[in-house]
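Structure record follows, encoded as structure tokens.
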Amino acid sequence: MFDGANVRGVYCEPYNKSGARLAMPVLANAHDHGRGMRTLAFGALDDALEIWLTRLGLEPAVDPYLRALVAVGRMATSGIAIINHCHNTADFRTLEEEAQAVARAARTVGVRLAFATPIFGHNPVAYGDPKPLYDRLPDRAAEQIRDNAAAVPSFGDQIAVADQLFELSDDLVSVQYGPIAPQWVNDESLELIAERSANHDRRIHMHLFETKAQREWADAHYPNGLLQHLDGIGLLSERLTVAHGTYLTRGECDLLAERGVYVSVNTSSNLRLRSGIAPVADFMAAGVRFGMGMDGMAFDDDEDGLREMRLLWHIQRGFGFTDTLSRADLLEAVLFTGRDAILGPGSAQPISPGAPGDLMVLDTGAIQRDVLPGRTDLIDLILTRATRNHVDEVWVAGQQIVSAGRLMGADLEAAEDELIERVRRAAASVDLKVLDAIADAYRDYYRCGCHTQSTTPVEKVAQKRALVS
């Protein structure tokens with residue numbers, strides 16, 4: 001038995017020449033989008049989030065079940081079996097069908113999954129007044145963006161669909177409200193979501209302060225503080241998980257900690273999308289509960305939860321002689337707090353012999369092969385060397401879903417091949433020069449600070465059409 005990091009429920013067989021095995025709680029991915037097709041593969045190149053979003057629509061539409069099966073299956077074979085799926089939909093009319101498909105994929109694989117139903121529509125073009133952006137765009141591109149913005153359904157319709165989707169919940173699948181972010185959801189809808197969350201004990205999942213531009217927008221439009229405003233309408237509670245929090249201030253961290261809000265730290269995504277580094281030192285000092293998220297943007301594009309844990313550890317551990325995050329803190333966040341952020345407080349249970357737990361088994365023989373006995377702690381080896389290739393078994397609710405590193409509920413390799421083939425057949429030709437022009441227009445828009453300006457009266461009229469009556 002091994003408990004060298006003083007973390008709940010971590011057990012290890014003694015080292016022997018044939019290779020030791022470590023049983024530990026499954027990893028929790030507190031924020032992901034479950035795309036299946038990696039964004040780089042369809043042309044959404046790594047860049048600042050606001051630029052990257054201009055190409056996210058390049059993903060060809062395919063069977064939502066296959067798409068989710070590949071994403072969830074990859075995570076499961078990486079040791080991730082608790083997932084917060086922050087859903088993106090290209091067509092609100094098919095959202096219910098997509099939600100059912102994602103739930104079916106989770107059940108096929110055997111993971112626990114929380115489906116965050118997307119709610120969006122405020123500032124549909126840019127964070128601030130869109131006119132300066134339209135002025136910078138080619139005419140045809142501006143017209144298309146206007147048409148897309150006009151097609152966004154009302155917030156009332158979106159919340160009604162979210163309420164219906166809660167019926168999908170069972171032992172493995174739960175449903176949450178998913179207001180995408182404060183800059184994309186109007187205040188009236190956020191207040192209504194907060195009220196329904198409190199009345200029905202439903203969780204909420206929302207992006208918050210992912211980028212510097214989002215921070216600047218919030219400071220310009222909420223001079224008394226966005227977080228204070230959200231607190232005033234009842235949104236901040238232990239039922240809320242916010243993703244990123246890259247630009248939270250220490251005072252805001254104190255408020256989140258006081259209200260019991262969870263944060264998902266998405267290290268790889270924040271690096272790839274040039275967002276920054278989450279202030280985990282402030283989280284620790286304030287007592288903010290946080291977990292690990294992969295955001296569909298693993299650093300090596302490999303959905304490897306163990307690599308993600310290692311990256312989080314090395315970036316947030318502290319430099320020089322400053323100790324910010326201990327091993328015990330890291331494992332508590334990744335194995336337990338992240339799970340609570342997805343499923344709710346108190347969901348995490350220690351592993352105990354004979355109990356139907358959620359655990360993964362690592363084959364640690366290879367990572368110990370050259371180690372002198374008694375010289376190096378096994379947890380240190382895992383934090384330095386372990387990858388998805390060392391995940392041997394995964395169990396959820398006492399049922400085995402991964403054996404010898406392979407998914408048991410579906411043929412993951414065949415599903416990946418089919419997904420790639422379908423995507424290639426569905427892909428339409430695109431004018432990359434137009435896309436580059438759109439990206440340049442957005443880059444210039446945010447660089448000049450247009451997002452900190454108030455919206456025009458015309459835009460306000462368009463927004464009022466989407467308010468919840």
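All values below come from the heavy atoms of this structure, side chains included, with hydrogens, waters and symmetry mates left out.
Between the side chains of Arg203 and Ser197, no donor-acceptor pair is found at a separation under 3.5 Å. A side-chain donor from one of His33 and Asn88 sits under 3.5 Å from a side-chain acceptor of the other. Side-chain contact check for Asp187 and Tyr222: at least one donor-acceptor pair (N or O, by modelled atom type) lies under 3.5 Å. Residues Asn270 and His244 have side chains that bring a donor and an acceptor to within less than 3.5 angstrom of each other. At a cut-off of 3.5 Å, with distance as the only test, a side-chain donor of Thr249 or Glu252 sits close to an acceptor on the other residue. A donor and an acceptor atom, one from each side chain of Thr211 and Glu50, are located under 3.5 Å apart. Neither side chain, Glu216 nor Thr452, offers a donor N or O lying under 3.5 Å from an acceptor on the other.
Other residues, nucleotides and ligands place more than 12 heavy atoms under 6.0 Å from the CD atom of Gln164. Atom CZ of Arg406 is surrounded by 12 or fewer heavy atoms from other residues, nucleotides or ligands within 6.0 Å. Atom CG of Asp431 is surrounded by more than 12 heavy atoms from other residues, nucleotides or ligands within 6.0 Å. A 6.0 Å sphere centred on CD of Glu413 holds no more than 12 heavy atoms belonging to other residues, nucleotides or ligands. The number of heavy atoms from other shown groups lying within 6.0 Å of CZ (Arg317) does not exceed 12. The environment of CG in Asp170 is crowded: more than 12 heavy-atom neighbours from other residues, nucleotides or ligands sit within 6.0 Å.
A heavy-atom distance below 4.5 Å is found between the side chains of Asp436 and Arg55. Taking the side chain as every heavy atom from C-beta outward, Leu168 and Leu165 approach each other to under 4.5 Å. Inter-residue side-chain proximity for Val402 and Met408 is flagged as unmet; no heavy-atom pair is nearer than 4.5 Å. Residues Tyr262 and Leu256 fail the side-chain proximity criterion, which asks for heavy atoms closer than 4.5 Å. Within the 4.5 Å cutoff, side-chain heavy atoms of Thr108 are placed close to those of Tyr65. Side-chain atoms of Thr267 and Glu308, non-hydrogen and from C-beta on, do get closer than 4.5 Å to each other. Between Pro60 and Phe42 the shortest side-chain heavy-atom distance falls below 4.5 Å. Residues Ser78 and Arg74 form no side-chain contact, since every pair of their non-hydrogen atoms from C-beta on lies 4.5 Å or further apart.
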List the steps and the verdict of side chain to side chain contact (heavy atoms under 4.5 Å, CB included) for Glu418 and Val62. CA-CA 10 Å; Glu418 183 178 357; Val62 294; over 6 Å; no
Can Leu113 and Phe115 be said to form a side chain to side chain contact (heavy atoms under 4.5 Å, CB included), step by step? CA-CA 6 Å; Leu113 182 141; Phe115 183 93; 4.1 Å; yes
Please test Glu258 against Cys253 for side chain to side chain contact (heavy atoms under 4.5 Å, CB included), starting from the C-alpha separation and ending with a verdict. CA-CA 9 Å; Glu258 184 177 345; Cys253 291; over 6 Å; no
Evaluate side chain to side chain contact (heavy atoms under 4.5 Å, CB included) for Ile193 paired with Arg202, printing each intermediate quantity in order. CA-CA 9 Å; Ile193 289 168; Arg202 294 171 175 174; over 6 Å; no
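Between the side chain of Ser237 and the main chain of Arg239, a donor-acceptor pair closer than 3.5 Å is present. In this structure, the side chain of Thr241 does not engage the main chain of Val263 through any donor-acceptor pair within 3.5 Å. Checking side-chain atoms of Asn29 against main-chain N and O of Ile83 turns up no donor-acceptor pair under 3.5 Å. Put simply, the side chain of Arg339 gets close to the backbone of Ser347: a donor and an acceptor are under 3.5 Å apart. Within the 3.5 Å criterion, the main-chain N or O of Val72 finds no donor-acceptor partner in the side chain of Glu303. A donor-acceptor pair under 3.5 Å is absent between the side-chain atoms of Arg35 and the main chain of Glu59, judged by distance alone. Side-chain N or O atoms of Gln158 include one that pairs as donor or acceptor with a backbone N or O of Phe120 at under 3.5 Å. A donor-acceptor pair under 3.5 Å is formed between the side chain of His221 and the backbone N or O of Trp217. In this structure, Arg289 contributes its side chain and Thr337 its backbone to no donor-acceptor pair below 3.5 Å. Distance alone, capped at 3.5 Å, is enough to place a donor-acceptor pair between the Tyr247 side chain and the Ser275 backbone.
Relative ring orientation between Tyr442 and Tyr446 is described as parallel, the plane-to-plane angle staying below 30° on a 0-90° scale split at 30° and 60°. Between His451 and Tyr445, the ring-plane angle classifies as tilted under the 30° and 60° cut-offs.
The CG atom of Asn266 sits 8.5 Å away from atom CG of Asp32, with the distance rounded to the nearest 0.5 Å. One distance of note links CD of Glu210 with CZ of Arg215; it measures 14.5 Å at 0.5 Å rounding. The CD1 atom of Ile204 sits 4.5 Å away from atom CG of Leu235, with the distance rounded to the nearest 0.5 Å. In this structure, NZ in Lys212 is found 13.0 Å from OG1 in Thr246, a value given to the nearest 0.5 Å. For the atom pair Leu359 CG and Gln400 CD, the distance stands at 9.5 Å (nearest 0.5 Å). Between the CG atom of Leu230 and the CG atom of Leu208 there is a distance of 7.0 Å, given to the nearest 0.5 Å.
Considering every non-hydrogen atom in both Ala28 and Gly338, the closest pair reads CB-C, 3.7 Å. Shown here for Pro182 and Leu190, the closest heavy-atom pair between the two residues is CA-CD1, 4.3 Å. Of all non-hydrogen atoms in Val185 and His122, the two that sit nearest each other are N-CB, 3.5 Å. What you find for Gln316 and Ala278 is that their closest heavy atoms are NE2-O, 2.9 Å. The two residues Val394 and Ala76 come nearest to each other via the heavy atoms CG2-O, 3.5 Å. Summarising the geometry of Ala149 relative to Val125, their closest heavy-atom pair is CB-CG2, 3.8 Å, with the distance given to 0.1 Å.
Under the ring-ring contact (aromatic ring centres under 6.0 Å, His included) criterion, Trp313 pairs with no residue, sequence neighbours left out. Scored by the side-chain contact (heavy atoms from CB on, under 4.5 Å) test, Arg196 finds Ile159, Asp163, Tyr177, Leu192, His200 as partners (sequence neighbours excluded).
The existence of a salt bridge linking Arg259 and Asp254 is excluded, since no basic side-chain nitrogen approaches an acidic carboxylate oxygen closer than 4.0 Å. A salt bridge does not link Arg274 to Asp46: none of the charged side-chain nitrogens sits closer than 4.0 Å to a carboxylate oxygen. Using a 4.0 Å cut-off between a side-chain N of Lys or Arg and a carboxylate O of Asp or Glu, Arg388 and Asp302 do not qualify as a salt bridge. Salt bridge status for Glu98 with Arg67: absent, with no side-chain N to carboxylate O gap under 4.0 Å. Under a 4.0 Å N-O distance rule, the pair Arg93/Asp157 does not qualify as a salt bridge.
At least one test fails for Arg307 against the ring of Phe299: distance under 6.0 Å to the centre or angle within 45° of the axis.
Paired with Val26 under the rule side chain to side chain contact (heavy atoms under 4.5 Å, CB included), one option of Leu335, Val111, Ile82 passes, and it is Ile82.
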